[in-house]
Amino acid sequence: MVFLLTGIEARGFIFGPPIALAIGAKFVPLRKPKKLPGEVISEEYTLEYGSDRLEMHVGAVNKGERALVVDDLIATGGTLCAAMNLLERAGAEIVECACLIELPELKGRDRLHGKPLHVLVEYH
Amino acid sequence: MFAAENGLKGDPRLEAISQAIRVVPHFPKKGIMFQDITTLLLDHKAFQDTVDIFVDRYRNMDISVVAGIEARGFMFGPSIALAIGAKFVPLRKPKKLPGKVICEEYELEYGTDCLEMQVDAVQPGDRALIVDDLVATGGTLSAAIRLLGKRMGAQVVECGCVVGLPEVKGQCRLNGKPVYILVEPREIDNCRHDISSEFLNVQCSG
């Protein structure tokens, strides 16, 4: 039984909410800096050049809640890894990551803290 | 037009939706009471009810495309599109969409921004619903209406927003298109005097 589903800005917002609604989960958006109002926690991650940050609302996740992470695509896994860090810092238990598309050669799957990854299509 | 004036007067779902939206004072700047819909997304029943109310309204209007405005419009639009059998088209900030795009400029408080759409997303004759979380000045929605209607030849049937300023009560239209709104902002007293009707792109009849 999954309690919450996080989607990563912005394409994760397209797929995450319909899934959350269908399975009875709450939806938690993970956003670029300064978009979420109120108190947030923030996780930095590296890009090809430089770095970026992902933010989540304090209080959106309760300790021990089971969570899914949804995005449209996994490449290197950097963004998903940052999302998982945010959830784990808030005390969530991550069940699985789910993406439409995987680019397997980039081995993002190896950066998911040992958690399973469910994808619909691979692109080589 | 507000849902409560259009067949949903006294509907308890509307009160629950209103209460599920958190008000964050002075965000993104002093004087603005930000209507934070992320708390609505945490309330499964209220979130489902929000989508259901839009779906009930639009399922028999032959809508072929739902356009959602980045990024909070993405949180509501796709669920509505899926339920009514329409395609979903994202309207995005510049340089996010790959391929050939058209761009429509709109005004910000200082300067302008641009809303983009992929050119092959919408065909002339498509009947469109435009969705966003909130309508304030109507600048972004007006740009979306121009993108879909004027530029791509689709017929914009309506705009749907979860939250809307009271100025759009009654038969108000945006660029000639009706706007359907579920709830008003809460705790707005003394905080929105910087937006008066002369700055709104809304024409109100009566």
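The analysis underlying the following values was restricted to heavy atoms, covering all of them including side chains, and did not include hydrogens, waters or symmetry mates. Convention: sequence-line order gives letters A, B, ...; per-chain numbering from 1.
- With a 4.5 Å cut-off on side-chain heavy atoms, R109(A) and P104(A) do not count as touching.
- Looking at F34(B), the atoms closer than 4.5 Å to chain A (heavy atoms on both sides) all sit in the side chain, from C-beta outward.
- Contact of the K177(B) side chain with the S142(B) side chain is not registered, since no non-hydrogen atoms from C-beta on lie closer than 4.5 Å.
- Below 4.5 Å, heavy atoms of chain B meet heavy atoms from H57(A), A60(A), all part of residues 51-90 of chain A.
- Residues F76(B) and L40(B) are in side-chain contact: their nearest non-hydrogen atoms beyond the backbone lie under 4.5 Å apart.
- L4(A) does not touch chain B: none of its heavy atoms, backbone or side chain, sits under 4.5 Å away.
- By the 4.0 Å N-to-carboxylate-O rule, K87(B) lies close enough to D126(B) to be salt-bridged with it.
- When heavy atoms are compared at a cutoff of 4.5 Å, P29(A) approaches chain B solely by way of its side chain, counted from C-beta outward.
- With respect to chain A, the highest number of heavy-atom pairs below 4.5 Å among H44(B), M75(B), Q48(B), K96(B) belongs to H44(B).
- Heavy atoms of L42(B) lying under 4.5 Å from chain A belong to its backbone as well as its side chain.
- Using a 4.5 Å cut-off between heavy atoms, F27(B) touches chain A through its side chain atoms alone.
- Nearest heavy-atom pair, Y58(B) versus C159(B), reported as atom, atom and distance to 0.1 Å: OH-O, 4.1 Å.
- Note that CZ of R22(B) is 11.5 Å distant from CD of Q35(B), once rounded to the nearest 0.5 Å.
- Between Q19(B) and D43(B), every side-chain heavy-atom pair lies at or beyond the 4.5 Å cut-off.
- Within the 4.5 angstrom heavy-atom criterion, only side-chain atoms of E70(B), from C-beta onward, approach chain A.
- By the 4.5 Å heavy-atom criterion applied to side chains, R92(B) and F74(B) are counted as neighbours.
- L117(A) is listed as a side-chain neighbour of C99(A), based on a closest heavy-atom distance under 4.5 Å.
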